[in-house]
Amino acid sequence: MRRISIVITLILMIATLSLSVKTLRIWAMGEEAKNLHIMAEKFMKENPDVEVKIQAIPWSAAYDKILTGIAGMQLPDLIQMGTTWMAPFGAMGVFEELTPYIKKSFINKDMFFEGSWQTVTMDGGIYGIPWYVDVRVMYYRKDILESIGYDHAPQTWNELYEVAKKLAKRGEKMYALSLLYTGVFGNEFMPFAWQAGGRIFDENGNIRVTDPEFVEAIRYYARFFWEKLAPVGGANVLQDFAAGVVPIFFSGPWMVSLIEKQTPQIAGKWSVALMPKNKKRTSFVGGCNWVIFNTSKHKELAWKFIEFMTKPENQLEWYKIVAALPAVKKAWEYPELANNPIIKVFGEQLKDAKSPPNIPAWEEIANAISRRVEEAIYRKRTPEKAAEMLKKDIEKIMR
Amino acid sequence: MRKSLLFLCVILLAVFCTAAAVINDMEKTEGLSNDNTGAAFEITDEFVFSGQHSVKVIPSGKADETKLAFQITGKVLEQWVESNILEIAVFIPEDAETFPTKYFLGMADITEGWKWVDGVFSESKSKKGWNSVTFKLSQKMKDISIVGKYMLYFAFIEFKDGKKIPIKDVFYVDHFIVFPKEEEKERIYIFPMETKAEISKYTNDNTGATFSLSDEYVSQGLHSLKVTPNGKALETKVALPLEGENVANWSIGNKVIMRVYIPEYTEVIPTMYFIGMADVTEKWSWVGGVFADKGEVTKGWNTVEFSIAGTMKDLDPDRKYMVYIAFAGFDTKNKKIPLTSPFYVDGIYVEKVRVLSMEEKMKMAAPEIKEEVKKMLEMGDEELLDYIQRKTFEYFWNEANPANGLVRDRSRPDAACSIAAVGFALGAIPVAIERGWISYDEGYERVLTTLKTFVNGQVEGKNGFFYHFVDMDTGKRAGNCELSSIDTTLLVVGALFAGEYFKGTEVEKLADTLYRNVNWQWMLADDSTLYMGWKPEAGFLNAKWSSFNEGILAYILAIGSPTYPIPAESWDKIVRPVHDNYISCPTESLFVYQYPNVWIDFRNKEDKYANYFNNAKVATRYNYLFCVVNRFKYETYDLDIWGLSASDGPAGYKHYGASTGNHDGTVAPYAPISSIVFTPDLSMKAIREMLKKYGPLVWGKYGFVSAFNVDANWFSTEFIGIDEGDIILMIENYRSGLIWKKVMQNRYIQKAMRAVGFVEKTSDYAATPWYIEEYKKKLSAASTEKIALARKVEKIKVDGKLDDWKGIQYNVVDESMNVPSAGIKKVNRRTQILHSHFYAAWNDEYLYLAARVYDEYIVVNIKPDDLAAFYRTDSIEFYLDPSRENPKAGIFKLAVLPFDTEGNPQAVRHEDANPGPISEVAPDVKIASSRTENGYIVEVAIPFKYLGIMPKPGLKIGFCHTIHNSNVRNAKIGAYVRENMLSWVPLPDIWAYPEKWGTLEFAK
């Protein structure tokens, strides 16, 4: 008797589930995965017939997980997609094209920062909606710069170089700024190329890395190492920043809370500033987008969730939860962002920020850039020769 | 033949190519040093390889090594870093009694002070005359700064009875150049001008000039041609017959090059050079003529080049030609005047790029193959597949011994028979009968012969198993190969299929007997898994079919055996790792998934673990996507060029697959083609794209070649039996299901499938949802269930030695415990050693930890002051989570570098509650390290005050131990060179999830 009643309850439960409750499956990574349930609960409250299931995926396993998901055709409805992964996975033809959804929605291109919108467009189609952004700015030690006579952050390339020379003169093993020089740092190098007016491809798809502007960027970047203004070695940026050994570095918004938490001793002694200007002061914009898989059986529902996350008030709420910078410009008008002197700089920088070419080969091009710039840093090639080799690399990659 | 020796004198020399750079032209002796070997240097024009002079080296006759050294700096270093080869030309006079036979190149950095860089010996051999001596530059030698200054030391050494002896005779050196390997070119001497016999064929075309063989001025070999003009003719001419192989050689390059020496005393210098050609096969007919390319000719040695094109290049190799070289001088009014004094000509040659580019190979492919490929590309799918099958079948018909049915392992005349290839032949023959390529009787006869050979004891074996490879004629074991369980399986399953096809005939009976003879129980190990094989010299192999791979086919046959069945439970002993949503063989070699599916129809069937057809389909799609995402790293891979599986490759046969570190751009055509049952669209596209892009290089007499690698410009010309079998049978399954149908009719197979739990079921998943859950549970249970015991001790001396740890049980982190993460390779057990035995102990003050790491190569590239992220290189970590006991205690993660560049251990706390160098954040931690014969030992003592807990028996804290490994030789200082990461709990991002760490339990 007891068993029968359990069976009946089960049948009833299954019936209700299948009749009224739709399940939206989401894959998310990192901190987002840990906190997204807060937003999901709010969404479910607004949509009682929906159950949102979030699967957390460690970043280091995410690439392969998506790949096997595509191979096994076992994919969620919606996924958090890093901007630099848009092209490689997008090229596999598994993303839903979103133009028809946008047509009947409040969501439109102009709501987002230009550099961020670049990351969702490929071959004329729209394959994602920006969720949050990150942008690199200059972190600097106010107190140390003051000690060498600067009451402001370096504004231009020349000023940064002058400041750097003075900072390095403070003593033995003292440096000015920290720059990446090993591993893959194409995304860290590109802002310098953009600032100089350089580019990888022109409008006609010609490779332009041997242009004087691009070469100038390689030389400018490498010179900080040649003149020992930037340290070589596995420096720990945060500790060196706190110790004053390296009073300038470039990084994204996540560093703000890290500095506050891990090096409270320098509270009030540091700030952030826009990237240094050459022709421009362009920075790198990254972050994450929402993508719907075209295998999804709940595409409309997935879109509804994207719309929910795109609303300025929810963008703000999300900022409050994990301090991720809103991709929606309107959200920056809330006082929480507009009145925060540090965060304001990020907002300003976002107006002059770019993403690398949105093509599947970018990762490999970024590898090549790193390899060649590193050669210039180690003086194994001149900046000109390194650029020539880079051109050959890119030709081979794009063949 | 002799003629070719005479005329085709080939010296392998890299000369003039765009990327070659002269580092010393040996036109002067300034800057040359003998490095205290007493040698003297003189400028000479006697024997000159290039330019106008060479350097005569006069050894002291006393020093063991004669040396020549000079400095390089500036612009040339920019070329140096682009180069891989350094080449010098060395002339050894014919009468020399002692001369260099070994060459060494050393390099020192003299930018600031003097610092040794590296040295290499040359592989080049010496002979009389001109030699090209090449040095392969080492990575260290190339890893230099272009703003530095370097010294090059060339040592010339002679050996007698294994001992260095002083060189007494002079020799000559010239033309020190560097160049990248790809640009290597070879000189083919059309007219080497070395023998009297050769020059006796030269005529003067009625210009009165006389010729003699000279050894005064020589640019190649030991002799040159001395031309003495008659002083009257306005043009001095040499006519040289061009015939035989030289005709083809003439057209190899776009240039014909000649070396000319003009003596110092010459009054009228020949400045006009002209080459004319005539066809003299039957009667004389003019072909064409050309003047030398512009360039000044001066006294001394000159290089004169002629650009050859049009009729002078399009020669018919079957015809005979005459080459006329005309020399003339001019007076001040630019009027032609007769030459008056002798000059020397040596070595008229062409240059050939040593390695043909892929494009050249394509161009040079046989026209009939090109034509065939073109026709194939015009065929419809069905017709194309039929054609591929047919060509493929010819392998099994032609590469077999008709007398006994044995089939070659590969299309090499000396190849042994592979019994697995025989199994595939037994599968292919019924296909050929059905398709009408052979008659029923022909096919039946061949199958009958084959089965009789095996059943009647003409093939060496034991207990029904056969040796992997046997002699094509005698059937005797080849080499010392193993008695193979999987290859016997492939033979037997082929026989069973043939038995079903020829049902009711003698073939069916013989196939049955062959199967009944196999004693599977004998091959079964104590743990109920099958051994991979047996050898008379050593007994059973260590390796067993204990993990998921092609071995599952052996289990089905073994469980279904009517005579020696193994228990069905063995099926459950197979370890089946789940890769997200399918059961995976970690090498991701495609054949692993294909072989069982060639024979068994796994469609719409599943056991509790998987639908193995769907499983193979997912693995195939993964393999495809893996190539797609790597297509910018490897030129071979492309959207429709994919398929990584065990195959030949540029460096031999390898178990290639879609996993990091297990591929190099080699694609095996059989891999995507035999996937056709799983991924018909992708496979069809792959077939067409391979034919379209590389057709003539990947297609041959038995269909698709075994493998190719565009990155390495390597195309196999061989065909492998088991690959051919996979192709023909899988295509047949795709077209008609013939093999599946017949094999599934076999009652033993049916019995086995039932016994291991297969049921009919249609599903869209690979691994069953139940098994995926089960596997996850097992994994996470594995982490929380992992317990290491820390023993209570008096005291342990932290000295990097493990004497104090005697009697304490260690725990193991082995090669299989790879942390899955992007950019980290799995440890390759075949080529690497990497595991750790770790120990834990405690007393009231300290927690002691020690790890004995086994690692075949230790990278030391971190300076003592570089105290961050040791995981960049060879290092270990201990993760401790005392918060499981005291919620207020913080995580403690200790990263230990066993050796910095000064040989000392270093430790930091990393990404934990209080990160930083140990000296600052936990100064009372003690660390020590030592090298061992096969790796290193790290020993540490951590005071409990840093952990925030009081030790007592029964205490449990979170614990994990990781090994970071690199095998990069010449790792740059500070560079990130990690390749592998192993962890006691091998889960993704394990460093960030203390809740997933194992347990360290304090014992008494």
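Every chain is numbered from 1, with letters handed out A, B, ... down the list of sequences. Side-chain atoms are counted along with the backbone in the values below, which use heavy atoms only and exclude waters and symmetry mates.
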Does any backbone or side-chain atom of A:Glu374 lie under 4.5 Å from a heavy atom of chain B? Answer side chain, backbone, both or neither. side chain
May I ask you to test the A:Ser60-B:Trp991 pair for a side-chain heavy-atom distance under 4.5 Å? yes
Quick one: does any side-chain atom of B:Asn581 pair with a main-chain N or O of A:Thr68 as donor and acceptor, under 3.5 Å? yes
Greatest number of non-hydrogen atom pairs under 4.5 angstrom with chain A, of B:Asn615, B:Asp580, B:Val81, B:Val908, falls to B:Asp580
Derivation of the side chain to side chain contact (heavy atoms under 4.5 Å, CB included) call for A:Met92 and B:Val629: CA-CA 9 Å; A:Met92 291 175 193; B:Val629 298; 3.0 Å; yes
Can you give me the closest heavy-atom contact between B:Pro915 and A:Gln262, atom names plus distance? CG-OE1, 4.1 Å
For chain A, find which of B:Lys142, B:His579, B:Lys617 contributes the most heavy-atom pairs closer than 4.5 angstrom. B:His579
A:Gln265 CD: over 12 foreign heavy atoms closer than 6.0 Å: yes
Side chain, backbone, both or neither: which part of A:Ile70 has an atom under 4.5 Å from a heavy atom of chain B? both
Relative to chain A, which segment of B:Lys633 carries a heavy atom at a distance below 4.5 Å: side chain, backbone, both, or neither? both
When the 4.5 angstrom heavy-atom criterion is applied to A:Arg381 and chain B, the contacting part is both
Pick whichever of B:Leu77, B:Ile973, B:Asp143 has the most heavy-atom pairs under 4.5 Å with chain A. B:Asp143
Ionic contact status for A:Glu364 with B:Arg631, cut-off 4.0 Å: no
Would you mind checking if B:Glu78 and A:Lys385 are paired as a salt bridge, meaning a charged N to carboxylate O distance below 4.0 Å? no
Segment of A:Glu363 engaging chain B (4.5 angstrom heavy-atom cut-off): side chain
Tightest non-hydrogen contact, residues B:Leu625 and A:Ala71, listed as CD1-N, 3.6 Å
Using non-hydrogen atoms and a 4.5 Å limit, figure out which bit of A:Met398 sits close to chain B: side chain, backbone, both or neither. neither
NZ or CZ of B:Lys972 within 45° of A:Tyr378 ring axis and under 6.0 Å: yes
Could you look at A:Thr182 and say if it's the side chain, the backbone, both or neither that has a heavy atom under 4.5 Å from chain B? side chain
Quick one: what part of A:Ala62 sits under 4.5 Å from any heavy atom of chain B, side chain, backbone, both or neither? neither
Among A:Ile57, A:Leu238, A:Ile397, A:Asp64, single out the residue with the greatest number of heavy-atom pairs under 4.5 Å to chain B. A:Asp64
What part of A:Pro360 lies closer than 4.5 angstrom to a heavy atom of chain B: side chain, backbone, both or neither? both
Part of B:Phe870 lying under 4.5 Å from any heavy atom of chain A: neither
Honestly, the part of B:Tyr622 sitting under 4.5 Å from a heavy atom of chain A is both
